[in-house]
Amino acid sequence: MLDRVRLTYKQQRFETLAVAVVCLGAAALALLASWHLNSVGVPASCLVDGRVPYWNGPMDASWMPAACQLPSQRFTDALTSWDVRIVSSLGDVLPFFVGIAMGTPLVARELEQGTAPLSWALAGARWKWLAGRILAALLLIVPLLLVAGLAADVLRGAQEPGIDPHASFDYFTSRGVFFVLWGVAALMGTVALGTLFGRTMPVVIVALIVCLFARATWERVTDAYVLHGMATLEMPGSSSPGELLVYQSDVLYLDGKLYTGTDCWVSNGVPGCQYAPGDEPGPSSIGPQLAWYVVTGDHYWQVVALESAILLAGSAALGAFALFWVGWRRPY
Amino acid sequence: MTLGGGASTGTAALAAHGLSKRFKKKVALDKVDLEIPVGSVTALVGPNGAGKTTLIRICMAFERPNSGAVEVDGVDPWKHRSEALRRVGYVPQTPAVYRGLSVEDHLSMARSLHSSFDVDYARRRLDQLGIPLDQRADTLSGGQAAQLGLAVALGTRAKVLLLDEPLANLDPLARREFIQVLLDAVKSDGSTALLSSHIVTDVEDACDRLVILGGGKVRLDCPLEEARQAHRLTEADSPPAGATAVGSFLSKGGKDILTLWRLAPGADPSAEPGQQSETASLEDVVLGYLAAGRGVGLQLN
């Protein structure tokens with residue numbers, strides 16, 4: 001098995017090296033950016049709701065204590081610097097790059113370069129052959145993405161100095177353990193596509209589109225369909241949740257069920273539809289107000305576990321499809 | 001068509017029964033029945049598109065037949081793939097090597113995938129040919145890459161070797177070396193080999209059995225010597241005594257039309273008058289049967 005793992009890395013040495021360099025580089029940059037932010041040393045007394053108030057120039061001077069103005073200005077400058085911005089946005093890209101880069105050669109390139117018949121003739125059970133290669137890829141990307149994800153957590157902590165990143169849903173699916181989960185899902189999806197298409201370029205293109213779609217829709221879907229049970233209701237019509245640990249807004253909460261604003265508007269008068277004070281139905285009513293749908297930070301690990309389980313189940317399903325289909329397809 | 005004496009020995013290393021394979025409208029194999037005896041080195045000969053590669057790929061469970069079945073050493077690869085493939089050493093049509101891996105890496109990979117792969121045996125074979133184990137596979141010559149493919153196949157110590165046109169891209173010297181290594185291995189291991197080629201001269205010195213495949217059908221299946229002895233060639237359509245015409249084709253210069261005749265079973269070839277006919281070479285035999293299969297040339301049957 002060790003030989004197979006070693007040879008898998010050697011066969012795709014470029015991808016292996018690229019993935020290692022990018023993950024470790026991203027982790028190092030995130031830690032560097034965190035150090036940069038921490039080194040500003042904003043006093044705790046200057047924090048508002050756990051965050052450093054954004055410095056908007058002299059216009060902030062009216063309400064911001066004088067002792068906070070310079071640190072806030074320096075922190076805002078650091079926070080909006082290009083390097084911190086780039087590193088902060090890596091979480092939306094890196095896991096997918098890693099999954100696609102490692103997943104494409106596992107099957108698609110073997111088929112494209114004509115080496116699959118050699119391996120498949122020797123292996124007998126193709127699913128074992130593929131399982132060995134997937135395992136090798138996982139052994140590489142899981143620790144690397146975990147390191148990068150934890151570094152992203154550290155960076156989030158530095159960006160919001162008064163907030164525990166493990167009790168905050170700010171960008172929580174773009175850091176921490178989600179680095180690993182997205183990477184594994186991208187890997188499995190890419191391998192599955194490889195068994196279908198058998199060519200690298202179509203696999204890369206389709207995998208990119210699917211990953212983009214999955215990432216863009218993930219939070220909307222999980223907010224709307226998965227997190228009902230954890231939602232707590234803020235007062236309808238309130239302008240802000242009043243808590244630091246906002247998960248999602250713009251969703252109406254009615255009798256424990258979530259509706260969109262439009263739904264409630266259309267269903268005006270549905271039992272349980274709640275209205276902001278003064279907005280009850282009447283001749284001058286403007287209809288229901290949007291309420292805040294809040295999951296507090298003490299549910300953080302519960303939410304992470306739930307969404308992780310969904311992503312892992314999806315990855316397992318894609319992997320199972322790949323293992324099944326590789327046994328049926330031609331090796332060319 | 002099967003000539004007597006060779007086909008059904010009862011101990012077939014590879015057997016096909018009513019094997020058919022279509023690719024959309026094209027028929028690659030049409031109800032092929034075939035038995036390759038244990039210990040034989042069989043040449044599977046036919047033009048491009050005759051179905052040679054398809055037959056081998058079905059034996060490797062790379063292609064699924066539309067009907068019929070194959071057995072490799074008694075095991076159906078489509079029912080028991082792992083068990084069947086443990087009994088087969090396979091050399092693909094084009095030398096398939098991993099670009100970034102060394103020769104030694106290929107042997108390590110084979111060992112990691114095939115539980116009974118004999119690394120030392122494969123190493124020895126490569127050593128004898130002077131192929132450095134630490135050389136990257138993508139820097140090997142065509143002949144060396146083919147030898148690596150053969151060493152990997154032989155290292156499995158499989159009972160059946162399936163070689164899909166391995167000589168097609170080799171120079172004459174490399175071909176001879178390849179054949180020699182294959183024959184040595186088959187002789188020492190007692191294995192069975194099926195060697196496909198569309199070039200008759202490549203295989204006629206190496207094989208003891210001939211299967212001609214044309215248009216998806218088996219045109220001839222018999223021991224090589226029998227194929228030579230049982231056929232005669234004439235320039236005219238005057239048959240040797242008791243012979244039946246197989247097919248006609250143009251001579252090498254393109255000036256004459258030659259006809260291949262099959263002598264009656266039990267006929268004494270030496271008694272046959274020699275003025276008008278001559279012993280057919282293996283190439284003539286193949287051409288005659290392929291011409292018959294295509295329905296071109298002078299069809300005398």
Side-chain angles (χ1 to χ4, degrees), chain A residues 1-19 101-102 104-137 139-140 195 198 200 323-332, chain B residues 23 53-54 56-64 72 75 77-78 80-102 104-117 119 122 136-138 145 148-149 152-153 155-156 158 161-164:
Chain A
M1 181 51 80
L2 277 179
D3 253 351
R4 214 185 295 187
V5 170
R6 176 182 68 84
L7 291 171
T8 301
Y9 296 154
K10 199 168 176 185
Q11 279 169 32
Q12 38 196 87
R13 66 185 74 183
F14 173 76
E15 291 83 1
T16 302
L17 193 66
V19 161
M102 285 305 287
T104 303
L106 287 187
V107 179
R109 198 162 66 194
E110 287 263 348
L111 292 164
E112 194 169 71
Q113 294 189 344
T115 46
L118 178 69
S119 297
W120 292 7
L122 289 164
R126 295 178 199 168
W127 72 267
K128 287 185 183 171
W129 167 82
L130 182 55
R133 291 171 70 76
I134 290 174
L135 178 69
L139 285 175
L140 178 77
T195 63
T200 54
L323 293 176
F324 167 77
W325 194 247
V326 78
W328 282 84
R329 70 152 298 137
R330 294 170 173 152
Y332 27 80
Chain B
F23 294 103
T53 295
T54 303
I56 289 177
R57 284 176 173 175
I58 290 174
C59 295
M60 295 301 300
F62 292 166
E63 289 288 350
R64 182 178 285 275
V72 180
V75 181
W78 277 102
H80 309 283
R81 182 188 290 165
S82 298
E83 202 180 326
L85 292 187
R86 260 202 303 273
R87 298 153 191 256
V88 183
Y90 172 65
V91 179
Q93 199 164 13
T94 45
V97 292
Y98 288 96
R99 287 179 189 168
L101 300 189
S102 68
E104 178 70 38
D105 288 335
H106 279 75
L107 304 186
S108 301
M109 187 194 66
R111 186 182 53 197
S112 73
L113 293 172
H114 196 286
S115 54
S116 55
F117 188 81
V119 177
R136 272 178 59 148
D138 53 356
L148 173 58
V152 169
T156 60
L161 295 168
L162 299 177
L163 302 98
D164 187 7

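By convention in this document, chain letters (A, B, ...) are assigned in the order of the sequence lines, proteins followed by strands, and residues within each chain are numbered from 1.
With respect to chain A, the highest number of heavy-atom pairs below 4.5 Å among B/Arg64, B/Arg111, B/His106 belongs to B/Arg64. Of the listed residues (A/Ala125, A/Gly114, A/Gly327), the one with the most heavy-atom contacts under 4.5 Å to chain B is A/Gly327. Most heavy-atom pairs under 4.5 Å with chain B: of the set A/Gly132, A/Pro331, A/Ala116, this distinction falls to A/Pro331. Counting heavy-atom pairs under 4.5 Å between each of B/Arg86, B/Arg99, B/Glu63 and chain A puts B/Glu63 at the top.
Taking the six-membered ring where tryptophan is involved, the planes of A/Phe324 and A/Trp328 are tilted, since the angle between them lies from 30° to 60°.
Of the atoms belonging to A/Glu110, it is side-chain heavy atoms, and not backbone ones, that fall under 4.5 Å from chain B. Only the side chain of A/Tyr332 comes within contact range of chain B, judged by heavy atoms closer than 4.5 Å. Interface remark: A/Ser119 contributes backbone and side-chain atoms alike to the contact with chain B (heavy atom separation under 4.5 Å). In this structure, no portion of B/Val91 lies under 4.5 Å from any heavy atom of chain A. At a 4.5 Å heavy-atom cutoff, the contact between A/Leu122 and chain B is made by backbone and side-chain atoms alike. Using a 4.5 Å cut-off between heavy atoms, B/Phe62 touches chain A through backbone and side chain atoms alike. For B/Thr156, the part lying near chain A is the side chain, with the backbone staying farther off; criterion is any non-hydrogen pair under 4.5 Å. When heavy atoms are compared at a cutoff of 4.5 Å, A/Gln11 approaches chain B by way of both its backbone and its side chain. Only the side chain of A/Arg13 comes within contact range of chain B, with heavy atoms under 4.5 Å apart.
Here B/Ile56 contributes atom CD1 and B/Gln93 contributes atom CD; the two are 8.5 Å apart, rounded to the nearest 0.5 Å. Note that the CG atom of A/Leu7 and the CG atom of B/Leu113 stand 9.0 Å from one another [nearest 0.5 Å]. A distance of 11.0 Å separates CG in A/Leu106 from OG1 in A/Thr195, rounded to the nearest 0.5 Å.
With A/Arg126 contributing its side chain and A/Arg329 its backbone, the two residues share a donor-acceptor pair below 3.5 Å.
Under a 4.0 Å N-O distance rule, the pair A/Arg109/A/Glu15 qualifies as a salt bridge. The pair B/Asp105-B/Arg136 does not count as a salt bridge, with every side-chain nitrogen at least 4.0 angstrom from each carboxylate oxygen.
Other residues, nucleotides and ligands contribute at most 12 non-hydrogen atoms within 6.0 Å of the CH2 atom of A/Trp325.
In this structure, B/Ser82 and A/Lys128 have side chains that are not in contact, with every pair of non-hydrogen atoms separated by 4.5 Å or more.
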